[in-house]
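Following: one structure in structure tokens, then a few remarks.
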Amino acid sequence: MLIFNDIWHVGEVPLLHLAFTCVLLLAIFAVVRWFFRDSQRLDGFSQKHVFITGCDSGFGNLLARQLDRKGFKVIAACLTENGAADLAAAASPRMKTLLLNVTDSASIRSAVEFVRREVGERGLWGLVNNAGRAMPIGPTDWMQLEDFTKVLDVNLIGLIDVTLQFLPLLKKAHGRVVNIASVLGRLSLTGGGYCLSKYGVEAFSDSIRRDMHHFGIKVSIIEPGFFKTNITSPDLISADLKRLWARLPRDIKTSYGAAYLEDYVRMQNFSLRILRNSDIGKVTRCMEHALTARYPRTRYGAGWDAKFFWIPLSYLPSFVADFIVRVLLPLPKGGLN
Ligand SMILES: *[C@@H]1O[C@H](CO)[C@@H](O)[C@H](O)[C@H]1NC(C)=O
Ligand SMILES: *[C@@H]1O[C@H](CO)[C@@H](O)[C@H](O)[C@H]1NC(C)=O
Ligand SMILES: *[C@@H]1O[C@H](CO)[C@@H](O)[C@H](O)[C@H]1NC(C)=O
């Protein structure tokens, strides 16, 4: 007969150890299962069309060439004729390029017509909303209203307009939407429209993922850290900061101090030099996974800084991020510090 003189022991096996072992095995099983699911791919890409915005340079340009090499039928939208011509010259004859201005609904409508003719009854497999702009970036009181709206119009309203107009073609193919947000859609680290627009992309993507799930459309969000593209170019950003500074009224300049602009540019140069990753393939590999995996992820953190620093930081109390921004940027001379 078993004697229950100690409820934690059944015979010789400690119950607590048994429970711990079960939890550990379940955890290992869950991780292995996740990796197995995550590595499963679909096939038949030579019959699938992908439409990508913002292919003049950066992530969009690389993704277009990468998917073209893998046999996808890529339709690459560029803002400029030069961008489209250079890309077409670097790609196979399968790739189609067209001009698209995402802030112009009529321009989107004609892109949809073009794509409809290309895809026929198959519908559109992938829509990659990559087009974006960042500047102006800088302290909030250096901005005017239109500095916010011109970024929001491209990164958020343009993305929504493109997505809505392409949805019927995506529904037909039970396709995928891949939206390029940013770690700056998790943490508002700079003034200007960029962070606002990326927070908006996160929210829009969450809504549309839940709504379109019923129609077999899967939506993924890419959250790159800092990568070497025009968006993070120190040359472009510092030139634009000089433009913002030059038009400031004298009292605002005085409140920052005459040396502020140079200090700001120097500290920003320093951070960008440390942070910018030149392997932008890390981002396009996430985009490709979202288009080719049987089970695409909802969110992809791209880059070590996104995965191990910015995204974890976004879950911490706000004062931690406040402190980091304080350390990374100079203090205004006329401030209360
Ligand atoms: C894009 O379209 C908007 C609205 O029609 C227009 O104001 C803007 O100049 C266009 N941009 C380019 C680069 O063509
Ligand atoms: C963006 O970068 C490309 C090279 O990658 C360059 O040709 C182009 O001029 C840049 N765009 C702007 C607005 O500077
Ligand atoms: C910041 O970097 C840009 C581009 O690399 C350079 O033109 C500028 O002189 C730098 N400014 C400072 C203050 O370091």
Side-chain angles (χ1 to χ4, degrees), residues 57-59 132-156 180-201 223-278 280 303-306 308-314 316-337:
S57 64
F59 304 145
R133 59 171 293 168
M135 290 180 302
I137 279 179
T140 300
D141 58 349
W142 297 16
M143 304 287 163
Q144 295 168 3
L145 183 61
E146 64 159 26
D147 294 318
F148 289 89
T149 54
K150 66 189 178 195
V151 177
L152 287 163
D153 280 346
V154 174
N155 295 8
L156 182 58
I180 315 312
S182 168
V183 291
L184 297 180
R186 297 289 203 100
L187 285 163
S188 195
L189 299 177
T190 61
Y194 190 73
C195 297
L196 279 67
S197 71
K198 295 300 184 179
Y199 272 67
V201 169
E223 299 172 333
F226 289 80
F227 282 89
K228 230 175 207 157
T229 66
N230 284 350
I231 296 270
T232 57
S233 152
D235 287 318
L236 298 176
I237 297 178
S238 60
D240 195 62
L241 276 165
K242 281 175 194 143
R243 179 186 68 84
L244 296 181
W245 177 261
R247 71 175 192 193
L248 283 181
R250 186 187 302 272
D251 59 330
I252 296 190
K253 281 187 184 164
T254 309
S255 72
Y256 281 89
Y260 189 83
L261 174 67
E262 206 182 320
D263 291 344
Y264 190 100
V265 170
R266 184 160 18 81
M267 291 178 85
Q268 185 165 261
N269 276 3
F270 177 75
S271 321
L272 288 175
R273 208 165 34 242
I274 293 175
L275 288 170
R276 289 168 90 215
N277 188 324
S278 48
I280 68 172
W304 66 266
D305 60 329
F308 300 114
F309 188 68
W310 301 116
I311 293 173
L313 178 61
S314 73
L316 295 181
S318 303
F319 72 81
V320 185
D322 291 358
F323 173 78
I324 286 170
V325 173
R326 265 178 86 93
V327 172
L328 288 179
L329 292 176
L331 300 174
K333 286 288 174 292
L336 299 175
N337 331 271

As an exercise, state the distance from [atom1] of [X] to [atom2] of [Y], rounded to the nearest 0.5 Å.
| X | Y | atom1 | atom2 | value |
| --- | --- | --- | --- | --- |
| L236 | L241 | CG | CG | 11.0 Å |
| Q268 | R273 | CD | CZ | 12.0 Å |
| T190 | I237 | OG1 | CD1 | 8.5 Å |
| F227 | S182 | CZ | OG | 10.5 Å |

Smallest separation among heavy atoms of [X] and [Y], with atom names:
| X | Y | value |
| --- | --- | --- |
| G58 | T229 | CA-CG2, 4.2 Å |
| L152 | G193 | CD2-O, 4.2 Å |
| L156 | G200 | CD1-C, 3.5 Å |
| G225 | A306 | N-CB, 3.7 Å |
| S197 | V151 | OG-CG1, 4.2 Å |
| P332 | S255 | CB-O, 3.8 Å |

query = With a 4.5 Å heavy-atom cut-off, do V183 and D305 have their side chains touching?
reply =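 V183 does not reach D305 side chain to side chain.
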- Query: Got L248 and L244 here, is their nearest side-chain heavy-atom distance under 4.5 Å?
  - Reply: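 The answer is no, as the side chains (C-beta and beyond) never meet within the 4.5 Å cut-off.
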Partners of N277 by side chain to side chain donor-acceptor pair (under 3.5 Å), sequence neighbours excluded?
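Side chain to side chain donor-acceptor pair (under 3.5 Å) check on N277 returns nothing, list empty.
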Margin query: Tell me every residue that passes side chain to side chain donor-acceptor pair (under 3.5 Å) with T232, counting only those two or more places apart in sequence or in another chain.
Written below: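 With neighbours one apart ignored, the set is R276.
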Which residues satisfy the side chain to side chain contact (heavy atoms under 4.5 Å, CB included) test with [X], sequence neighbours excluded?
| X | answer |
| --- | --- |
| S271 | L275, L328 |
| L329 | Y264, V325 |
| L313 | L187, F309, W310, L316, V320, A321, I324 |

Side-chain atoms of residues 134-150: list all donor-acceptor pairs with protein atoms under 3.5 Å, sequence neighbours left out, distances to 0.1 Å.
| from | atom 1 | to | atom 2 | distance (Å) |
| --- | --- | --- | --- | --- |
| D141 | OD1 | Y256 | OH | 2.5 |
| D141 | OD2 | Y256 | OH | 3.3 |
| D147 | OD2 | Q144 | N | 2.7 |
| D147 | OD2 | R247 | NH2 | 2.5 |
| T149 | OG1 | E146 | O | 3.3 |

For S233 and N230, indicate whether the former's side chain and the latter's backbone hold a donor-acceptor pair under 3.5 Å.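 Not confirmed, S233 side chain does not pair with N230 backbone.
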Check salt bridge (Lys or Arg N to Asp or Glu O under 4.0 Å) between D240 and all other residues, then give those that pass, not counting sequence neighbours.
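So D240 forms a salt bridge (Lys or Arg N to Asp or Glu O under 4.0 Å) with R243.
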Contact list for residues 251-260, test salt bridge (Lys or Arg N to Asp or Glu O under 4.0 Å), sequence neighbours left out: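 Passing the test, one end in residues 251-260: no pairs.
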